[in-house]
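Since the structure comes first, as structure tokens, the remarks are kept for the end.
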Amino acid sequence: MNTRSLIAAALGALIAAASLPASAQDMIPAEQAVRHVGKSGMVCGRVDRTRHAQNTEGEPTFLYMGGSFPRHTFSARIPGSIRGNFRPSPEELQGKDICVVGNIQRDASRAEIAVSSPSNIKLADIR
């Protein structure tokens, strides 16, 4: 294969890859989310525990992933103002595999996404 053919084949592969839908390679495991702080991403994993912090300002609900609170590596924070919009409810997500899309921020030594809409959380089939 000559150089021109090799370059054409590589370019074709890049164009084909760019047109594919998001894949498992785009998923960030909850345990690795802290490496992506400051970036937008899709963090995926099992919800180990949920907690509705009713006595905290804004009454957020936390979905803890990558371990159970307080040893989790990632959390999704749902503001109380949109909590009622979730079907299934946040508590029903405990034990389920989900993906959370958004801007990954640092919360102490962990990573967190502040959820702004129910569409930011999807049930996932993670294997």
Exercise. List in chain and number order the residues that pass side-chain hydrogen bond (donor to acceptor under 3.5 Å, both in side chains) with D48, two or more places apart in sequence or in another chain; answer none if no residue qualifies.
Key: none
Self-check item: Partner residues of S68 under the side-chain hydrogen bond (donor to acceptor under 3.5 Å, both in side chains) criterion, sequence neighbours left out
Solution: none
Practice problem: Mind checking the CD-CZ spacing from Q94 to R51? Nearest 0.5 Å is all I need. | Solution: 12.5 Å
Practice problem: Tell me, please, which residues at least two apart from T73 pass side-chain hydrogen bond (donor to acceptor under 3.5 Å, both in side chains). | Solution: none
Exercise. Drop me the distance from I113's CD1 to N103's CG, to the nearest 0.5 angstrom.
Key: 7.5 Å
Practice problem: Compare all side-chain heavy atoms of V115 with those of L63 and state whether any distance is below 4.5 angstrom. | Solution: no
Quiz prompt | Residues that N85 engages under side-chain contact (heavy atoms from CB on, under 4.5 Å), provided they are two or more places apart | solution = I82, P118
Exercise. Look at the side chain of R46 and the backbone N and O of G95, then say whether any donor-acceptor pair between them is shorter than 3.5 Å.
Key: yes
Quiz item: Do R83 and P90 come close enough that some side-chain heavy atom pair is under 4.5 Å?
Solution: yes
Self-check item: From D97 atom CG to M27 atom CE, the distance as rounded to the nearest 0.5 Å
Solution: 9.5 Å
Self-check item: Residue list, side-chain hydrogen bond (donor to acceptor under 3.5 Å, both in side chains) with R106, at least two apart or on another chain
Solution: none
Exercise. List for me each residue that meets ring pair (Phe, Tyr, Trp, His ring centres under 6.0 Å) alongside F62, sequence neighbours excluded, and say none if there are none.
Key: Y64
Practice problem: Working to the nearest 0.5 Å, report the span between CD1 of I98 and SG of C44. | Solution: 8.5 Å
Expected list for residues 29-39: side-chain donor-acceptor pairs under 3.5 angstrom, two or more places apart:
none

Quiz prompt | S89: partners by side-chain contact (heavy atoms from CB on, under 4.5 Å), with sequence neighbours left out | solution = E91, E92
Exercise. Test side-chain contact (heavy atoms from CB on, under 4.5 Å) on I28 and F74 and set out the steps.
Key: CA-CA 11 Å; I28 301 166; F74 174 80; over 6 Å; no
Quiz item: Rounded to the nearest 0.5 Å, how far apart are OG1 of T61 and CG of L93?
Solution: 10.5 Å
Exercise. Can you run down the salt bridge (Lys or Arg N to Asp or Glu O under 4.0 Å) pairs that involve residues 52-64, sequence neighbours left out, and say none if there aren't any?
Key: none
Quiz item: How many angstroms lie between atom CE of M42 and atom CG of D26, to the nearest 0.5 angstrom?
Solution: 5.5 Å
Self-check item: Set of side-chain contact (heavy atoms from CB on, under 4.5 Å) partners for S119, sequence neighbours left out
Solution: S117, K122
Self-check item: Results of salt bridge (charged side-chain N to carboxylate O under 4.0 Å, His left out) for R77 - residues two or more places apart only
Solution: E112
